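Read through the structure below, which is laid out as structure tokens, and then see the notes.
Just so you know, these numbers use all the heavy atoms, side chains as well, and skip hydrogens, waters and symmetry mates. No experiment lies behind these values; they were computed from the predicted model shown.
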Amino acid sequence: MSNSEVRRLMEQIDLQTQAIERAMHGTAIVASHESINARYTNLGRVQEELALHIGEQSAVEVLLESYVRNVG
């Protein structure tokens, strides 16, 4: 397991959840349903990749913590 790869993936999850929040709740809501759906799909891919390094349960926990922190 590469610590730098795990950190990169965790940061990517955080960035993705921030983008989802902005797309859904930003001051100028202009994101289409397809755009928001694509962000969720990408988020799932990053979670799956992270699970290869830290296990499925830990990857889910990382994603949920980021989602709650950034999206609410």
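- Among residues two or more places apart in sequence or in another chain, the side-chain contact (heavy atoms from CB on, under 4.5 Å) test is passed with Val62 by Met10, Ile13, Leu50, Ile54.
- Scored by the side chain to side chain donor-acceptor pair (under 3.5 Å) test, Ser4 finds Ser2 as partners (sequence neighbours excluded).
- Contact of the Arg7 side chain with the Asn3 side chain is registered, since non-hydrogen atoms from C-beta on lie closer than 4.5 Å.
- Here the rule is side chain to side chain contact (heavy atoms under 4.5 Å, CB included) with Ser66, and of Thr17, Leu15, Leu43 only Thr17 fits it.
- Taken to the nearest 0.5 Å, the CG atom of Asn70 stands 4.5 Å off from the CD atom of Gln18.
- Closest of all the heavy-atom pairs between Ala19 and Arg39 is CB-NE, 3.6 Å.
- For the salt bridge (Lys or Arg N to Asp or Glu O under 4.0 Å) condition, the pairs that include at least one residue of residues 43-71, sequence neighbours left out, are Arg8-Glu49, Asp14-Arg69.
- Pairing each heavy atom of His53 with each of Val6, the nearest pair is CB-CG2, 3.7 Å.
- Atom OH of Tyr40 sits about 11.0 Å away from atom CD of Gln16, to the nearest 0.5 Å.
- No single ILVMFWY cluster, assembled from side-chain heavy atoms under 4.5 Å apart, contains both Leu52 and Val60.
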